[in-house]
Novice: 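My questions all concern the structure below.
Just so we're on the same page: letters track the sequence lines, and every chain starts at 1.
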Amino acid sequence: MHDLRMVREHIDALRAGMRRRGALEVLAPAIDRAVTLDKSRRDTIQAVEERKAARNAVSQQVGQRKRAGESADDLQQQSRALGDEIARLDRELAETERELSSILLELPNVTLDSVPGGGEESNVVVRTWGQPREGVRVEPHWEVGARLGLIDFERGAKISGSGFIVFRGAGARLVRSLMNLMLDVHTREHGYEEIWVPVVVNRASMIGTAQLPKFEEDMYALKDEDAFLIPTAEVPLTNLYRDEILPESELPKAMTAYSPCFRREAGAAGKDTRGLLRVHEFDKVELVRYATPETSGQQLELLTAHAEKILQLLQLPYRVVQLASGDTGFASAQTYDLEVFASGVGKWLEVSSCSNFTDFQARRANIRYKPADGGKPRFVHTLNGSGLAFPRIIAALLEHHQQPDGAIVVPEALRGYLGAERLT
RNA sequence: GGACAGGUGGCCGAGUGGUUGAAGGCACCGGUCUCGAAAACCGGCAUACCGGUGAACCCGGUAUCGAGAGUUCGAAUCUCUCCCUGUCCGCCA
């Protein structure tokens with residue numbers, strides 16, 4: 001969410017930001033409307049507060065007279081009239097603020113100046129690691145998974161629906177191993193606090209991290225309560241300190257959590273849905289950091305490196321892609337995608353999206369810190385990234401580490417957890 | 001799910017329908033004292049929004065005592081609904 005001052009004083013920057021996202025045309029009317037509403041909001045506030053001040057003064061006089069045993073009928077009459085006006089103006093104000101905030105909640109963040117303009121075609125590969133296997137025939141993961149009895153797609157679909165996966169045997173153990181490896185590395189080597197979170201969150205949390213209101217149709221909603229299944233542990237982790245003020249000494253704050261993630265993937269039907277590529281429920285270890293505005297840029301580099309470390313340990317070739325403005329997510333100001341190469345599918349698969357949200361989420365979720373120099377509380381900057389998402393990692397493992405004899409070589413770092421060097 | 005008891009500032013805690021943004025204490029910050037520290041004493045110490053020239057400082061105003069609605073000239077204080085916490089009972093992994 002943007003500061004109202006942005007609308008009032010930096011409207012050109014806001015428009016330019018929307019243009020860089022390629023969204024100005026669609027959003028221009030909303031921005032114009034916000035400007036109008038902001039003006040009328042302030043006018044109404046002035047009018048209503050003036051009357052409230054008058055009423056407070058009159059009421060005090062009533063009190064004085066009554067204590068003196070005098071009648072105050074005339075003043076009460078006056079106060080009642082003011083009260084009626086106040087009620088009317090308050091309703092007007094509430095309506096204005098409701099509309100204004102609904103507009104503000106649906107405007108995306110502005111990307112940083114360092115982010116290239118344009119759409120997906122302007123994304124930049126900033127580095128690659130490892131060597132993709134190309135020109136070799138590799139069995140796709142859904143075939144390997146079925147052949148080795150690691151994944152039971154049919155029964156997953158039977159008990160839950162398409163896009164729900166059953167892992168079994170060494171496959172199930174692989175999921176558990178990935179969880180332990182990632183959490184161990186992030187807590188022991190990267191200094192994150194391990195958190196175990198609820199997977200059901202309330203509406204305020206979903207608004208805080210900006211899944212709502214815009215993406216409600218992508219969320220699994222509970223039927224009897226105003227609550228949702230989390231699409232990522234980002235939601236509970238980032239909202240952990242919602243409506244709180246942290247001392248600056250606690251920054252940067254680093255938290256990690258494993259969680260299942262639930263996504264309806266509305267409108268994505270038929271696109272890259274084969275095997276494990278796009279599913280409705282999956283597992284993920286998430287990294288979240290809070291930082292000061294001055295350090296959030298470096299913090300993003302750090303967080304991205306932490307996610308990359310896992311790919312290196314798994315010996316999977318990957319590339320880091322700096323997303324262009326138009327391809328950057330709604331709440332993000334800057335995003336690096338980590339893409340792993342799956343040699344069976346023959347594609348780069350996104351396994352992590354590392355973002356700096358600047359104060360966009362912090363403003364929605366009201367997460368602030370008290371500066372060490374004693375100044376006014378400021379909004380923190382929030383960052384997060386997957387570290388990493390399991391299904392595509394499993395796909396890449398089953399494809400990249402596949403041997404000519406069809407066996408899968410387990411990367412060194414995973415062997416202790418999995419208790420095997422090869423899957424056959 | 002049922003029955004009680006509660007939700008007040010960073011924390012503890014007082015609060016009568018009327019100068020209560022809210023006594024008192026703790027914590028914290030500044031000062032006096034001290035060679036230094038402790039103690040003692042003095043002072044300061046919420047947030048958001050609106051306005052006063054844009055910014056800093058400052059000044060004025062409004063709102064905030066779990067949330068919302070109501071009664072009233074006036075609500076932390078009365079009424080209703082909801083949320084949350086505690087205790088007991090029931091149920092349950």
Side-chain angles (χ1 to χ4, degrees), chain A residues 1-14 34-101 103-105 196 198-208 222 224-228 236 239-251 253 260 293 359 362-380:
Chain A
M1 185 165 62
H2 296 285
D3 192 343
L4 259 182
R5 267 189 291 273
M6 186 80 177
V7 171
R8 198 174 307 150
E9 295 161 17
H10 306 288
I11 190 71
D12 292 336
L14 184 62
V35 172
T36 306
L37 289 168
D38 171 54
K39 179 74 174 85
S40 97
R41 168 178 176 268
R42 282 179 295 149
D43 290 345
T44 308
I45 285 175
Q46 269 184 266
V48 75
E49 287 191 349
E50 194 176 290
R51 285 161 181 77
K52 282 181 177 173
R55 183 179 64 180
N56 287 347
V58 172
S59 287
Q60 238 172 54
Q61 289 176 41
V62 172
Q64 283 168 10
R65 280 212 207 164
K66 293 222 163 164
R67 267 192 306 270
E70 298 166 19
S71 155
D73 289 352
D74 54 329
L75 292 177
Q76 290 184 27
Q77 184 71 30
Q78 200 181 331
S79 181
R80 204 174 295 126
L82 283 167
D84 290 343
E85 272 191 87
I86 289 167
R88 179 180 60 78
L89 289 166
D90 265 341
R91 273 195 301 276
E92 194 179 310
L93 181 61
E95 176 53 33
T96 302
E97 293 194 327
R98 197 199 54 73
E99 191 187 346
L100 184 56
S101 97
I103 289 175
L104 252 30
L105 287 172
W196 192 274
V199 299
V200 172
V201 296
N202 57 31
R203 179 172 292 270
S205 294
M206 292 290 265
I207 289 172
L222 270 58
D224 296 319
E225 281 162 76
D226 196 18
F228 304 82
N239 277 285
L240 215 52
Y241 291 89
R242 173 152 50 82
D243 292 322
E244 294 192 38
I245 302 175
L246 298 157
E248 183 172 351
S249 56
E250 285 194 34
L251 302 179
K253 181 171 270 300
D359 62 1
R363 182 170 281 113
R364 290 174 164 242
N366 191 27
I367 306 163
R368 292 175 292 171
Y369 74 96
K370 184 97 177 152
D373 65 15
K376 292 251 175 208
R378 306 169 71 194
F379 289 111
V380 301

Novice: Heavy atoms from C-beta onward define the side chain here; which of rU62(B), rG18(B), rU47(B) lies closest to that of R368(A)?
Specialist: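 For the R368(A) side chain, the nearest candidate turns out to be rU47(B).
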Novice: Closest approach to the side chain of S59(A), judged atom by atom: which nucleotide of rU47(B), rU62(B), rG18(B) is it?
Specialist: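 Of the options given, the side chain of S59(A) lies nearest rG18(B).
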Novice: Salt bridge check, R98(A) against E95(A): does any charged N sit closer than 4.0 Å to a carboxylate O?
Specialist: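 Counted as a salt bridge, because a side-chain N and a carboxylate O are separated by less than 4.0 Å.
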Novice: Any salt bridge between D38(A) and R42(A), counting N to O under 4.0 Å?
Specialist: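 A salt bridge is present here (some side-chain N lies under 4.0 Å from a carboxylate O).
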Novice: State whether the number of non-hydrogen atoms from other residues, nucleotides or ligands found under 6.0 Å of E70(A) atom CD is greater than 12.
Specialist: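 More than 12 within 6.0 Å, yes.
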Novice: Between the side chains of S205(A) and N202(A), is a donor N or O closer than 3.5 angstrom to an acceptor N or O?
Specialist: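 Note: S205(A) and N202(A) side chains meet the donor-acceptor criterion.
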Novice: If you assign A57(A) and D38(A) each to the RNA chain B nucleotide with the nearest heavy atom, which residue ends up on the more 5' nucleotide?
Specialist: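 Whichever sits nearer the 5' end wins; that is D38(A).
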Novice: Between rA56(B) and rG15(B), how many Å separate the two C1' atoms, rounded to a whole number?
Specialist: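 Between the two C1' atoms, the distance is 39 Å.
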Novice: How does RNA chain B look in dot-bracket notation if pairs are Watson-Crick or G-U with both distances under 3.5 Å, crossing ones as [ ], other-strand ones as |?
Specialist: ((((((((.[[[..)..(.....]]].(((((.......))))).(((((((.....))))))).[[[[[..)....]]]]])))))))....
Novice: For nucleotides rG43(B) and rC49(B), find the distance between their P atoms and express it as a whole number of Å.
Specialist: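 Approximately 32 Å lies between the P atom of rG43(B) and that of rC49(B).
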Novice: To the nearest Å, give me how far apart CG (L75(A)) and C1' (rG18(B)) are.
Specialist: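 The answer, rounded to whole Å, is 14 Å.
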Novice: In whole angstrom, what separates L89(A)'s CG from rC49(B)'s P?
Specialist: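 Roughly 21 Å, once rounded to whole Å.
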Novice: Taking rG60(B) as the reference, what is the distance to rG44(B) when you measure between their P atoms (whole Å, please)?
Specialist: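 Approximately 16 Å lies between the P atom of rG44(B) and that of rG60(B).
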Novice: What nucleotide, of rU62(B), rU47(B), rG18(B), holds the atom closest to the side chain of K376(A)?
Specialist: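 Minimum distance to the K376(A) side chain belongs to rU47(B).
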Novice: When rounded to the nearest Å, what value does the distance between C1' atoms of rU19(B) and rG74(B) take?
Specialist: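 Rounded to whole Å, the distance is 13 Å.
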Novice: Using a 3.5 Å distance criterion without hydrogens, assess whether the side chain of R363(A) forms a donor-acceptor pair with backbone atoms of H2(A).
Specialist: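 No, because the side chain of R363(A) does not come within donor-acceptor range (under 3.5 Å) of the backbone of H2(A).
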Novice: Under 4.0 Å, heavy atoms only, any strand: does R8(A) hit a base, just the sugar-phosphate, or nothing?
Specialist: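 Result for R8(A) = sugar-phosphate.
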Novice: Please give the distance between the C1' atoms of rC33(B) and rA39(B) as a whole number of Å.
Specialist: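 Approximately 11 Å lies between the C1' atom of rC33(B) and that of rA39(B).
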Novice: With rounding to the closest Å, how many angstrom separate the C1' atoms on rU71(B) and rC58(B)?
Specialist: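 It comes out at 40 Å once rounded to the nearest Å.
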Novice: In whole Å, measure the gap between the C1' atoms of rG66(B) and rG52(B) for me.
Specialist: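 Their C1' atoms lie roughly 35 Å apart.
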Novice: So does R51(A) pair up with D90(A), basic N to acidic O under 4.0 Å?
Specialist: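 Looking at R51(A) and D90(A), the cut-off is not met.
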Novice: With rounding to the nearest 0.5 angstrom, report the CG to CG distance, D3(A) to L104(A).
Specialist: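 The CG atom of L104(A) is 8.5 Å from CG of D3(A), to the nearest 0.5 Å.
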Novice: Give the rounded distance in Å between these two atoms: NZ of K52(A) and P of rA75(B).
Specialist: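 The answer, rounded to whole Å, is 11 Å.
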Novice: Using a distance-only criterion (donor-acceptor N/O pair, under 3.5 Å, no hydrogens), is the base of rG51(B) paired with the side chain of Q46(A)?
Specialist: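 When only heavy-atom distances are counted, Q46(A) does not reach the base of rG51(B) through any donor-acceptor pair under 3.5 Å.
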Novice: Within this structure, what is the CG-to-P distance between L104(A) and rC49(B), rounded to whole angstrom?
Specialist: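 From L104(A) CG to rC49(B) P: 13 Å.
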Novice: Tell me whether the OP1 or OP2 atom of rC50(B) has a side-chain N or O from R41(A) closer than 4.0 Å.
Specialist: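 Yes, within the criterion.
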Novice: Mind checking the C1' distance from rA48(B) to rC91(B)? Whole angstroms is fine.
Specialist: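 Per the computed distance, 45 Å lies between those C1' atoms.
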Novice: Looking at every strand, decide which applies to V62(A) at a 4.0 Å heavy-atom threshold: base, sugar-phosphate, or nothing.
Specialist: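 Base, at least one base atom sits under 4.0 Å.
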Novice: I want to confirm an ordering. Mapping A53(A) and R5(A) to their closest nucleotides on RNA chain B, which one lands closer to the 5' end?
Specialist: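 Result of the comparison: R5(A).
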Novice: Ignoring backbone atoms, establish whether R42(A) has a side-chain N or O less than 4.0 Å from OP1 or OP2 of rG51(B).
Specialist: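 Checking rG51(B) against R42(A), a side-chain N or O does come within under 4.0 Å of OP1 or OP2.
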Novice: Round to the nearest Å and state the distance from E49(A) atom CD to rG52(B) atom P.
Specialist: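 So the two atoms are 13 Å apart, to the nearest Å.
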Novice: Let me know the distance between CD1 of I367(A) and P of rU47(B), rounded to the nearest Å.
Specialist: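 Between P of rU47(B) and CD1 of I367(A): 18 Å.
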Novice: Quickly work out the I11(A) CD1 to rG54(B) C1' distance and round it to whole Å.
Specialist: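 Rounded to the whole Å, the gap is 17 Å.
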Novice: Name the closest nucleotide to the K66(A) side chain, picking from rG18(B), rC49(B), rA48(B).
Specialist: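 My answer, after comparing the listed nucleotides, is rG18(B).
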Novice: Apply side-chain contact (heavy atoms from CB on, under 4.5 Å) to R65(A) and D74(A), showing your working.
Specialist: CA-CA 11 Å; R65(A) 280 212 207 164; D74(A) 54 329; 3.2 Å; yes
Novice: Closest approach to the side chain of N56(A), judged atom by atom: which nucleotide of rC49(B), rU62(B), rA48(B) is it?
Specialist: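 So the nucleotide nearest the side chain must be rU62(B).
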Novice: The side chain of I45(A) is closest to which nucleotide in this list: rC49(B), rU47(B), rU62(B)?
Specialist: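 From the listed options, rC49(B) comes nearest.
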Novice: Respond yes when some side-chain nitrogen or oxygen of K370(A) is under 4.0 Å from OP1 or OP2 of rU47(B), and no when none is.
Specialist: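 Yes.
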Novice: Is R88(A) salt-bridged to E92(A), going by a charged N under 4.0 Å from an acidic O?
Specialist: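 Here R88(A) pairs with E92(A) in a salt bridge, since their nearest N and O are under 4.0 Å apart.
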Novice: Please report, rounded to the nearest Å, how far the C1' atom of rG74(B) is from the CG atom of L82(A).
Specialist: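 Between C1' of rG74(B) and CG of L82(A): 12 Å.
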